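Note that this is a predicted model, so its numbers are computed, not measured. Order of the sequence lines fixes the chain letters, A, B, ..., with proteins taken first and strands second; residue numbering starts at 1 for each chain.
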Protein chains: 2
Amino acid sequence: MKKAVTLNSVAVEAGVSRATASLVLRDSPLVSLETRDRVICAMDKLGYIYNRGAANLRGQKTGTIGLVLCDIGSPFYSQLMLGIDEVIVDANIVAILVNSAENPDRQLRQIRRLREHGVDGLILCPAAGSSDALLSEIERLHLPCVQVLRHVSQRNGNYVGPDYADGTSLAVTHLVRHGRRKIAFLGGRPVHSAARERLDGFRKTLKKHKLEHDLIIPTHLENLSDLGSFPELLASSTPPDAVVCYNDMLAQSVMGYLLARGKMPGRDFAVIGADDLPQSAVSFPTLTTIVTDPVGVGRNAARLLLDRIDNPTTSSTRILVSGQLMIRQSCGGQLP
Amino acid sequence: MKKAVTLNSVAVEAGVSRATASLVLRDSPLVSLETRDRVICAMDKLGYIYNRGAANLRGQKTGTIGLVLCDIGSPFYSQLMLGIDEVIVDANIVAILVNSAENPDRQLRQIRRLREHGVDGLILCPAAGSSDALLSEIERLHLPCVQVLRHVSQRNGNYVGPDYADGTSLAVTHLVRHGRRKIAFLGGRPVHSAARERLDGFRKTLKKHKLEHDLIIPTHLENLSDLGSFPELLASSTPPDAVVCYNDMLAQSVMGYLLARGKMPGRDFAVIGADDLPQSAVSFPTLTTIVTDPVGVGRNAARLLLDRIDNPTTSSTRILVSGQLMIRQSCGGQLP
DNA sequence: GCAATATATTGGAACTATTCAAAAACGGAC
DNA sequence: GTCCGTTTTTGAATAGTTCCAATATATTGC
């Protein structure tokens, strides 16, 4: 193993001091053109690689942020990362990705680990069951933090997420306008803010239309074939005529279930999903869905975090990215 | 901004030298129990945070690896990350994620950036169009590297990926056994090894069964509604009776297209996908698919990389993770 | 009981690659 | 010779690790 090429070896090669080489590195106007050329030449010749770790020791920024997700296996999160990446790549910042796997203990360990690595800030999708002590712990570590998709506290902390309540409300209103009267909500449990807000929007909108019946069916989201009590409900004497699903994957599963039993989604029964995954536009029937724009959420979260890193403040910002309803075949209307 | 708590302040608080505190930090047996307790107490009291950056300066490992993906928005890659994470989290290693976005120039810039951050190694899914100069550049940076899913050179470099050729062959053989005679391949272009290996397996297996006809239909994979010339082919006087698709997403799109035209996949026409995404088990009809086990690929890649970091060697290892055919309704057999 | 030796523990200082503030060197004009 | 602006260098600072030496304590031999 040959020894590393340091800024010092570059300086020696170019016949200047280490400090001068450092100035060249950072495009300082304080060095003469002639010297700059000589130093750059030496760098090329020796194959110098900048050591950011050493620089970080002196400076205060490391140019890294931490990304704490609770299920890196989910396609929804990859869209989120796409939005984040788009913003940070221009700012010359790099993301360290860790997985809390919905486990608050592991989440805390991973956050500490990120802190040891010196990340400048955190984008955090809190694991279900996180207490709001999490935020004070993060503050104790002096880490700027933006929560995404879920939040642990109604009041404190920065947050960027879709307007779940509004989206769900749009879906229900659309169904009511098209004559559906017995609308169920399928999927999830109110274990975190994202689920609670969906349910709030659902209940509130039903109430507004004087259609109060509590057809809320919990399922295990990690298992797509789990439709909870939906099959029994459908077979009952007073079945629902529409269902709003927690997300598109579940909605596709419901459509598969209906089709396999000879029911045509959109005619016999209305189905609405959420997230607008690409496949929802090409399935049969095509799926009506609440657009939640994960890329937009990611972009906004990254921008907010970068701002908080540059301008530390204790005040909280909350951004709700508003959605819309992408109306397709699965909720009625035009069918082939 | 109060000044940071360093190992030195901890040492002062505990009444020992910095060196002793460092030994406590790393569980050295050289310190007495009594001293250890005092130091740990002081750490808790001051809220000490280990600064890995400073440690990295002297040591040679940083405990980070780089993950260079070409499309972080794709669900397939999130499964890959799941497998990687599973392995590295136990090794106390953290992954920095960057996106090449299928752009070789951007890919190189990102790799250099990772190198500046001092990553110990690289897991790389090379962007389409990468030349094999990429590998020598990475070697020049003294970065151990494992390619995943695709490789830029037939001979050199470590590689872990699914056995695409074998998987495609399994699919074709199954179709032939069930009486299909005119089998098309849908999706992609031979722009990287993963696509080429699929096509090789496809052609070779057709040849084996003396069914040589070149029904290979290129599409733009990023656009699920692009089925290339498939619609025209289907409407022609001699339509195919089966199609093997590049992946499950595309296969689902094909099934949607068929259903919308009154054709039932599995009866009138056989469809096979690849990757075994969760939704393929619950769609209507359920999708027969080539299992590529991205989690397994991730696990193997991470293990190989960790080994190469600890035992640097120039020899290349290639691991093909073998797949199987998950037989469901879309290719015939039992239908409701 | 004392010196010699062994062992456990701790401290000092060098080392890592960079940044930064302050000082110095240099050249030209007056 | 002094003043001034530009360019360059010096040396301290950053927060750890690690080698080597020093000290304190324990054990052994005589």
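In this structure, CZ of Arg18(A) is placed 12 Å from P of dA12(D), rounded to the nearest angstrom.
For the pair Ser22(B) and dT17(D), the criterion of a side-chain N or O lying under 4.0 Å from OP1 or OP2 is met. Within the 4.0 Å cut-off from OP1 or OP2 of dT7(D), not a single side-chain nitrogen or oxygen of Thr35(A) is found. Remark: Thr6(A) is not in phosphate contact with dT16(C), judged by side-chain N or O atoms under 4.0 Å from OP1 or OP2. Within the structure, a side-chain polar atom (N or O) of Thr20(B) is placed less than 4.0 Å from OP1 or OP2 of dG11(C).
Residue Tyr50(A) has its side chain nearest to dT18(C) when only dG11(C), dT18(C), dA15(D) are considered.
If you find the closest nucleotide of DNA chain C to Ser32(B) and to Ala54(B), the one lying nearer the 5' end belongs to Ser32(B).
Judged by atom type and distance alone, Arg58(A) reaches the base of dT19(C) through a side-chain donor-acceptor pair under 3.5 Å.
Checking Leu97(A), Leu114(A), Ile123(A) one by one against Val68(A), the side chain to side chain contact (heavy atoms under 4.5 Å, CB included) holds for a single residue, Leu114(A).
Residue Ala19(A) is in base contact, counting any heavy-atom pair closer than 4.0 Å across all strands shown.
Within the 3.5 Å criterion, the main-chain N or O of Leu82(B) finds no donor-acceptor partner in the side chain of Arg299(B). For the pair Arg303(B) (side chain) and Val87(B) (backbone), a donor-acceptor distance under 3.5 Å is absent.
The environment of Glu137(A) atom CD is dense: over 12 non-hydrogen atoms of other residues, nucleotides or ligands sit within 6.0 angstrom.
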